[in-house]
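Naming convention: chains lettered A, B, ... in sequence-line order (proteins, then strands); numbering from 1 in each chain.
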Number of protein chains: 2
Amino acid sequence: MGAIDTIARLGRATWEDSRLALSDALPLDQIVMGDCIAAMKALPDKSVDMIFADPPYNLQLGGELFRPDGSHVDAVNDDWDKFDSYAAYDAFTRGWLAQAHRVLKDTGTIWVIGSYHNIFRVGAAVQDFGFWILNDIVWRKANPMPNFKGTRFTNAHETLIWASKGEGSKYTFNYRSMKTLNDELQMRSDWEFPICGGAERLKKGGVKVHPTQKPEALLYRVLLACTKPGDVVLDPFFGTGTTGAVAKRLGRRWIGIEREPEYCAAAVERIDAALPLDESALATMQSPKAAPKVAFGKLVETNMLAPGSVITDAKRRWSATVRADGSLMSACGQVGSIHKLGSTLQGAPACNGWIFWHYEGADGLKPIDELRQTYLLATQP
Amino acid sequence: MGAIDTIARLGRATWEDSRLALSDALPLDQIVMGDCIAAMKALPDKSVDMIFADPPYNLQLGGELFRPDGSHVDAVNDDWDKFDSYAAYDAFTRGWLAQAHRVLKDTGTIWVIGSYHNIFRVGAAVQDFGFWILNDIVWRKANPMPNFKGTRFTNAHETLIWASKGEGSKYTFNYRSMKTLNDELQMRSDWEFPICGGAERLKKGGVKVHPTQKPEALLYRVLLACTKPGDVVLDPFFGTGTTGAVAKRLGRRWIGIEREPEYCAAAVERIDAALPLDESALATMQSPKAAPKVAFGKLVETNMLAPGSVITDAKRRWSATVRADGSLMSACGQVGSIHKLGSTLQGAPACNGWIFWHYEGADGLKPIDELRQTYLLATQP
DNA sequence: CTTCCAGGTGAATCGCAGG
DNA sequence: TCCTGCGATTCACCTGGAA
């Protein structure tokens with residue numbers, strides 16, 4: 001039996017892919033079940049626009065760990081995270097990075113996520129292959145696991161590396177979308193998100209399906225920042241398909257590679273249930289003139305107000321659609337921030353969008369400011 | 001002329017250093033002016049308690065950079081940051097890390113700070129030398145320089161690596177000091193500080209003396225977390241002496257190595273002006289681990305808890321009788337110390353008996369730890 | 001229906017002295 | 001070097017049941 005045992009096919013997305021000359025050679029919107037290096041070898045040269053990789057971290061955990069209350073910590077203890085030595089891990093890393101460099105378009109970028117256990121080795125290898133690091137990004141966890149023994153600092157972040165194919169390569173960076181998403185300030189290299197939990201966390205019989213499922217908000221920001229609608233995103237360590245679910249939501253094509261059948265099954269079910277946003281929600285802000293002015297984007301990113309939602313004023317005289325980067329589009333095509341569009345529609349010199357715009361709550365229209373309060377309550381100390 | 005041209009001697013500190021057998025062989029509280037690898041070779045094996053290293057970042061900056069208003073950005077453009085290739089930088093890194101590993105005590109730790117340009121290569125080398133990474137720390141800059149061209153995320157952080165000499169090595173971590181410093185919550189791996197500016201930033205004729213002077217607050221936290229008063233801190237890339245100034249302030253000994261005479265001169269002047277904290281200020285930062293231990297038997301002996309008393313857990317699921325020698329006996333005849341019996345009854349691997357067991361106080365159940373506190377208050381000066 | 005509280009848990013390289 | 005025993009050690013968030 002070969003390394004690639006099965007192709008798990010999902011229903012083809014409905015949008016056109018005629019722009020992609022290579023599309024027939026690519027298993028678009030599908031999971032390739034098998035070894036990631038072998039599966040990548042089957043892909044053509046320079047065929048994908050972005051790679052998002054969440055490789056094993058090589059944690060090298062020791063014995064059991066208990067909390068102060070005596071309960072047991074369910075740590076990562078899977079075969080796929082076991083390597084005999086740094087050399088073995090480096091060989092594995094170079095194996096998949098070589099294929100990643102080959103299949104990435106010259107205008108593409110690669111993202112890799114890791115922790116201090118592996119990220120330095122991976123980062124050095126990324127540079128050695130000629131990738132050009134554009135940023136390292138810190139995912140600050142809002143709710144990390146404490147250090148129970150009091151022996152170190154709370155390990156409260158993970159690191160992502162973002163790199164272009166080489167020095168001087170062109171690449172996609174949706175600067176305006178990121179600025180919009182960040183309250184009209186440049187998006188920084190430190191991002192804060194909660195770890196994946198609640199309804200988003202995939203479970204089977206009450207047990208988590210994957211030990212290290214990533215939050216969708218993280219992938220949302222990555223894909224929104226560095227791809228265009230229709231771009232092809234490859235995830236060689238697909239797991240339970242966070243990349244695929246977000247790519248589908250954002251109108252990007254995706255290819256997943258995953259070895260474990262149970263992860264594949266969970267991913268198929270999950271992505272089938274994901275709803276793509278419509279086109280008006282996807283259009284992201286390109287003009288620097290149309291500038292949303294608040295952290296409204298945070299509500300969109302965390303799905304408190306999904307892209308594509310329609311919001312109105314208190315008397316339903318005007319309505320607008322929420323777009324992926326936190327900008328609004330009115331019924332007649334005008335575009336702007338919640339404040340700007342509110343003032344434009346009313347013909348007023350200024351408008352507080354937080355009070356002007358309302359969403360359809362469980363019991364009637366409510367100002368979006370309530371969502372902001374909820375968000376603040378949930379995230380502030 | 002040798003690699004080490006000059007020793008810049010500062011006034012000896014006034015405290016005793018008789019505890020340090022090696023002190024006569026070490027240039028304590030001095031700057032060694034010269035090449036860092038050559039200078040480290042002159043230090044004895046296993047002679048320093050901590051190393052803080054801020055090596056050249058190998059920034060590989062391109063042409064000139066201008067702000068949107070046309071003003072010029074004064075970037076790092078010094079000879080000491082120029083390397084021909086990754087290989088050359090790696091060779092340099094391995095050269096100084098080899099010496100660092102040799103001169104570090106087995107109970108010491110090393111800190112290295114860097115950016116995405118160099119930190120991955122340095123981190124991989126740190127692991128290859130056998131150092132054991134304990135944490136990576138993110139310094140989030142409160143006021144980073146924006147990305148003027150809008151082509152990337154604002155590079156708003158730097159990364160520090162903290163490592164012990166090897167897997168399983170003992171090391172100093174002042175857990176309680178860090179928790180106190182962080183409002184009684186565990187100190188996390190993401191630290192926020194402003195970049196170095198204002199009166200702290202060394203200038204000569206209005207021009208900054210060093211392009212990458214680190215904030216003293218950063219070193220303060222590092223030294224407070226991982227050294228004890230009197231410990232020896234080596235900084236092989238001393239620059240303008242931030243490490244020395246903070247070490248002096250915190251009652252730590254220091255050794256600086258620096259190649260550039262003008263940096264040395266600025267550092268001498270700066271450290272001479274730094275005022276050490278007095279002993280009482282330093283003492284408040286000590287760990288309560290040094291607090292005297294109280295045997296449970298002491299409470300029995302002094303009749304604070306009479307033999308024959310019955311104690312229970314917080315929910316009264318288990319109970320035990322206190323015996324004359326300070327051991328406990330459970331209702332079903334099991335016998336052991338407060339810790340041992342607590343773990344046995346719960347089926348847990350360990351148990352802190354002081355918190356687990358409760359006695360019947362005037363107003364309800366109270367942990368026996370309160371009796372210990374009372375005992376300490378009554379017996380300590 | 002809302003609020004409160006107890007319980008569970010997350011990519012974790014998680015102790016140390018003394019015999 | 002191994003074994004034993006003391007005793008130090010947790011934060012934010014989610015869920016479900018009780019009040």
Side-chain angles (χ1 to χ4, degrees), chain A residues 54-78 80-81 83 86 113-119 139 141-159 192 194-201 203 206-208 210-215 239 362-363 378-381, chain B residues 127 131-136 163-164 166-171 173 175-176 179 182-189 287-289 291 293-297 314-315 326 336-343 349-357 369 372:
Chain A
D54 181 12
Y57 287 9
N58 190 23
L59 289 183
Q60 303 176 258
L61 302 178
E64 299 294 300
L65 179 65
F66 296 87
R67 298 185 178 81
D69 67 3
S71 65
H72 181 251
V73 174
D74 181 21
V76 175
N77 188 28
D78 301 80
W80 50 254
D81 196 43
F83 296 85
Y86 286 137
I113 182 169
S115 66
Y116 67 86
H117 309 82
N118 71 322
I119 197 66
W139 166 28
K141 301 182 182 183
N143 50 346
M145 193 189 300
N147 180 288
F148 297 116
K149 301 294 188 190
T151 54
R152 304 180 180 191
F153 299 97
T154 302
N155 188 13
H157 74 275
E158 296 190 19
T159 302
E192 178 169 338
I195 59 177
C196 181
E200 188 185 325
R201 185 87 195 207
K203 298 197 178 178
V207 179
K208 59 189 176 192
H210 194 286
T212 69
Q213 186 182 337
K214 296 293 176 288
D363 48 346
T379 56
Q380 300 302 309
Chain B
Q127 290 180 311
F131 290 110
W132 196 247
I133 297 180
L134 299 166
N135 281 113
D136 59 337
S164 65
E167 182 176 4
S169 296
K170 267 195 64 162
Y171 57 92
F173 178 56
Y175 175 77
R176 173 51 50 185
K179 191 166 176 177
N182 193 41
D183 200 17
E184 282 306 300
L185 291 177
Q186 282 192 342
M187 185 68 79
R188 297 169 39 119
S189 56
S287 161
K289 276 186 181 174
K293 290 180 184 176
V294 178
F296 177 67
K315 292 172 195 164
S337 71
I338 55 172
H339 311 293
K340 178 73 175 178
L341 187 62
S343 65
C351 166
N352 181 346
W354 291 109
I355 293 165
F356 177 74
W357 294 106
D369 194 47
R372 177 167 63 163

Would you check if the side chain of A:Asp81 reaches a backbone N or O of A:Leu59 as a donor-acceptor pair within less than 3.5 Å?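 Judged by distance alone, yes, a pair lies under 3.5 Å.
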
Would you say a side-chain N or O of [X] is under 4.0 Å from OP1 or OP2 of [N]?
| X | N | value |
| --- | --- | --- |
| A:Lys149 | C:dC16 | no |
| A:Lys208 | C:dG10 | yes |
| A:Thr151 | C:dG15 | no |
| A:Lys214 | C:dA11 | no |

Distance, rounded to the nearest Å, where [X] contributes [atom1] and [N] contributes [atom2]:
| X | N | atom1 | atom2 | answer |
| --- | --- | --- | --- | --- |
| B:Asn135 | C:dC14 | CG | P | 11 Å |
| A:Leu65 | D:dT9 | CG | P | 15 Å |
| A:Phe153 | D:dT9 | CZ | C1' | 17 Å |
| A:Asp69 | C:dA6 | CG | C1' | 12 Å |

So which nucleotide from D:dC6, C:dA11, C:dA12 ends up closest to the side chain of A:Asn155?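 The listed nucleotide nearest to A:Asn155's side chain is C:dA12.
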
I'd like to know if B:Arg372 reaches the base of D:dG7 with its side chain, counting only an N/O donor and acceptor under 3.5 Å.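 There is none.
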
Would you classify A:Ala142 as touching base, sugar-phosphate or nothing, given that sugar-phosphate means primed atoms plus P, OP1 and OP2, and contacts are heavy atoms under 4.0 Å?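 The residue A:Ala142 makes sugar-phosphate contact but no base contact.
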
